[in-house]
Amino acid sequence: MKAVLQERFGPPDILRLKEVDRPEAGAGQVLVRVHAAALNPYDWHMMRGDPYAARLMGGMGLTRPKHRVAGIDAAGVVEAVGAGVEGLRPGTPVLGFCAGAFAEYACAEAELLVPKPERLSFEQAAATPMAAVTALRGIRTVGRVRAGQRVLVNGAGGGVGTFAVQIAAGLDAEVTGVCSAGSTEMVRSLGATHVIDHHREDFTERHARYDVILDNVGNLPLGRLRRALTPTGVLVANGGGSPGRAFGAIGSTLRLVVVNTVARHSMRPIIPATPSGPAHEDLLAVTALINAGQITPMVGRTYPLADTTEAMRHMEEGHSRGKTVITVH
């Protein structure tokens with residue numbers, strides 16, 4: 001099969017499309033014929049081995065990537081199942097976390113896959129797992145957003161942000177989205193009552209105060225973010241895309257936890273959606289919202305598998321609207 005390999009840490013140019021052996025499903029696993037795969041900040045952190053502190057934590061690899069085939073978000077059709085797998089069978093369309101998603105076939109633990117909603121294309125389905133689960137946790141689990149609250153989503157035009165705006169609006173919150181000028185109409189169409197172009201206005205300088213702020217960008221000091229909160233407001237930090245060679249998002253999260261012990265506001269990090277964390281119930285919750293028509297994945301650019309390097313470069317530049325998706329089959 002064809003697969004995108006990452007045999008060392010480095011920039012997008014290290015990625016290579018090569019022929020490799022097709023994986024086989026072991027006990028409790030599912031082999032998926034991949035139709036589409038989505039890119040996440042998680043992927044370029046894994047590609048670059050950034051931050052260094054994450055290499056010591058075991059999931060990334062110390063001197064070279066732990067996973068030879070890149071990618072994690074996938075949608076496709078079940079090709080085969082291993083011993084002990086129930087509820088999924090060959091021919092079932094699925095979405096979920098598949099280590100090695102940038103390939104024609106990928107294996108995943110059965111609990112990390114759920115049936116694909118019929119209303120979604122494979123490209124939309126691939127755009128869902130990590131971004132939608134992270135947004136669900138940020139808005140509903142960590143932020144505990146309620147009807148009537150004022151919610152601000154910083155980075156509303158990106159993968160997590162587009163889902164977060166829809167989830168918060170579905171909870172009858174008054175949503176403000178902060179994004180670039182090119183995404184303002186899209187963000188408004190997703191349910192945002194107010195949209196701020198971050199190139200023209202700093203939302204922390206406004207008089208408006210918010211009950212919950214979901215920060216997907218990490219480009220502002222905590223003091224300025226706290227200034228935009230109500231006295232009982234909650235700051236939810238998603239550090240998934242924060243660059244940093246030494247500590248990166250890990251350092252930002254630790255700083256948040258320390259400041260939270262002395263600040264009057266509640267500041268909470270999201271536990272990001274990853275293939276090593278519990279995700280099955282969250283995936284089911286997300287697909288339930290999709291089936292109910294409450295959220296829809298927003299796909300920006302699509303690239304063929306052979307152009308994965310270019311797709312990764314585009315995402316690293318930070319200008320993606322919605323999700324960047326790789327088409328495979």
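Only this structure's heavy atoms are used, side chains among them; waters, hydrogens and symmetry mates stay out.
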**For the student: nearest non-hydrogen atoms of P115 and T287, plus distance** = O-CG2, 4.2 Å
**Prompt:** Taking T134 for the side chain and A131 for the main chain, is one N or O donor matched with an acceptor at less than 3.5 Å?
**Reply:** no
**Prompt:** Going only through I, L, V, M, F, W and Y residues with side-chain contacts under 4.5 Å, is there a path from L39 to V328?
**Reply:** yes
**Asked** Does any N or O in the side chain of D307 come within less than 3.5 Å of the main-chain N or O of P304, such that one atom is a donor and the other an acceptor?
**Response** no
**Prompt:** Can you get from V325 to F102 by hopping between Ile, Leu, Val, Met, Phe, Trp and Tyr side chains that sit under 4.5 Å apart?
**Reply:** no
**Item:** Closest non-hydrogen atom pair, A25 against G82
**Value:** CB-N, 3.9 Å
**Prompt:** Any link between V77 and L120 through a network of hydrophobic side chains (Ile, Leu, Val, Met, Phe, Trp, Tyr) touching at under 4.5 Å?
**Reply:** no
**Message:** For the CD atom on E19, are there more than 12 heavy atoms of other groups (residues, nucleotides or ligands in this structure) within a distance under 6.0 Å?
**Reply:** yes
**Item:** Close side-chain approach of R137 to I270, heavy-atom, < 4.5 Å
**Value:** yes
**Asked** Cut-off 3.5 Å, side chains only: do D215 and N238 have a donor facing an acceptor?
**Response** no
**Fill in**
What one should report as the nearest heavy-atom pair of F163 and G159 is CD1-O, 3.2 Å
**Message:** Please find the pair of heavy atoms, one from E104 and one from K2, that lie closest to each other, and give the distance.
**Reply:** OE1-N, 2.8 Å
**Item:** R209 (side chain) donor-acceptor with G233 (main chain) under 3.5 angstrom
**Value:** no
**Prompt:** Taking all non-hydrogen atoms of both residues, which atom of A110 and which atom of L88 are closest, and how far apart?
**Reply:** O-CD1, 4.2 Å
**Message:** side-chain contact (heavy atoms from CB on, under 4.5 Å), that's the test. Do R68 and V20 meet it? Break it down for me.
**Reply:** CA-CA 11 Å; R68 188 164 173 248; V20 298; 4.1 Å; yes
**Item:** Cluster link M1 to L17, ILVMFWY, side chain under 4.5 Å
**Value:** no
**Request:** State, yes or no, whether a side-chain contact exists between L31 and E24 at a heavy-atom distance under 4.5 Å.
**Result:** no
**Prompt:** Nearest 0.5 Å, what's the CE-CE distance between M186 and M298?
**Reply:** 5.5 Å
**Message:** Let's go through C98 and L113 carefully: what are the C-alpha distance in whole Å and the side-chain angles of both, what is the deciding distance for side-chain contact (heavy atoms from CB on, under 4.5 Å) to 0.1 Å, and is it a yes or a no?
**Reply:** CA-CA 8 Å; C98 297; L113 297 172; 3.7 Å; yes
**Request:** For Q149 and R146, indicate whether the former's side chain and the latter's backbone hold a donor-acceptor pair under 3.5 Å.
**Result:** yes
**Prompt:** Thinking salt bridges, do R313 and D13 make one under a 4.0 Å N-O criterion?
**Reply:** yes
**Asked** What do you reckon, is CG of N219 surrounded by more than 12 foreign heavy atoms closer than 6.0 Å?
**Response** yes
**Message:** Can you tell me if E7 has over 12 outside heavy atoms packed within less than 6.0 Å of its CD?
**Reply:** yes
**Prompt:** Is there side-chain contact between V114 and L95, with heavy atoms separated by less than 4.5 Å?
**Reply:** yes
**Message:** For a quick test of reading the model, state the closest non-hydrogen atom pair linking C107 to P23 and the distance between them.
**Reply:** SG-CB, 4.0 Å
**Request:** Count the heavy atoms of every other residue, nucleotide or ligand shown that sit under 6.0 Å from CD of E86, and state whether that count exceeds 12.
**Result:** no
**Request:** Please name all residues satisfying ring-ring contact (aromatic ring centres under 6.0 Å, His included) with Y303, sequence neighbours left out, ordered by chain then number.
**Result:** none
**Asked** Will you find, in the side chains of R119 and T296, an N or O donor that is under 3.5 Å from an N or O acceptor?
**Response** yes
**Prompt:** Nearest 0.5 Å, what's the SG-CZ distance between C179 and R321?
**Reply:** 9.0 Å
**Prompt:** Hey, does V81 have a side-chain heavy atom less than 4.5 Å from the side chain of V30?
**Reply:** yes
**Request:** Would you give the length of the straight line joining atom OG1 of T232 to atom CG of D211, rounded to the nearest 0.5 angstrom?
**Result:** 6.5 Å
**Asked** Got more than 12 heavy atoms from elsewhere within 6.0 Å of CD, E174?
**Response** yes
**Item:** Non-hydrogen side-chain atoms of L229 and V234 separated by less than 4.5 Å
**Value:** no
**Request:** Examine distances only and state if a side-chain atom of D172 and a backbone atom of G148 form a donor-acceptor pair shorter than 3.5 Å.
**Result:** no
**Request:** Give a yes or no on whether the backbone of L190 and the side-chain of Q166 come within a donor-acceptor separation of less than 3.5 Å.
**Result:** no
**Prompt:** How far does OG1 of T176 sit from CG of L152, to the nearest 0.5 angstrom?
**Reply:** 5.5 Å
**Message:** Could you check whether any side-chain heavy atom of I139 comes within less than 4.5 Å of a side-chain heavy atom of V151, counting everything from C-beta outward?
**Reply:** yes
**Item:** L112 side, atom CG; H280 side, atom NE2 - distance, nearest 0.5 Å
**Value:** 9.0 Å
**Message:** For a 4.5 angstrom cut-off between non-hydrogen side-chain atoms, does P297 reach K323?
**Reply:** no
**Request:** List the steps and the verdict of side-chain contact (heavy atoms from CB on, under 4.5 Å) for E316 and M47.
**Result:** CA-CA 11 Å; E316 272 200 310; M47 177 187 70; 4.0 Å; yes
**Asked** Does F122 belong to the same Ile/Leu/Val/Met/Phe/Trp/Tyr cluster as V299, with side-chain heavy atoms less than 4.5 Å apart forming each link?
**Response** no
**Asked** Thinking salt bridges, do D202 and R224 make one under a 4.0 Å N-O criterion?
**Response** yes
**Item:** Donor-acceptor contact present, side-chain T128 to main-chain Q124, <3.5 Å
**Value:** yes
**Message:** Using a 6.0 Å cut-off, check whether atom CZ of R89 has over 12 heavy atoms from anything other than its own residue.
**Reply:** no
**Message:** Counting neighbours of CZ on R188 that are heavy atoms of other residues, nucleotides or ligands and sit closer than 6.0 Å, is the number greater than 12?
**Reply:** yes
**Request:** Begin from the C-alpha positions of L305 and V34 and carry the test side-chain contact (heavy atoms from CB on, under 4.5 Å) through to its verdict.
**Result:** CA-CA 11 Å; L305 185 63; V34 179; over 6 Å; no
**Complete:** Taken to the nearest 0.5 Å, the spacing of E310 CD from T324 OG1 works out to 11.0 Å
**Message:** Just so I know, are the side chains of I295 and V286 near enough to count as touching, which here means a heavy-atom distance under 4.5 Å?
**Reply:** yes
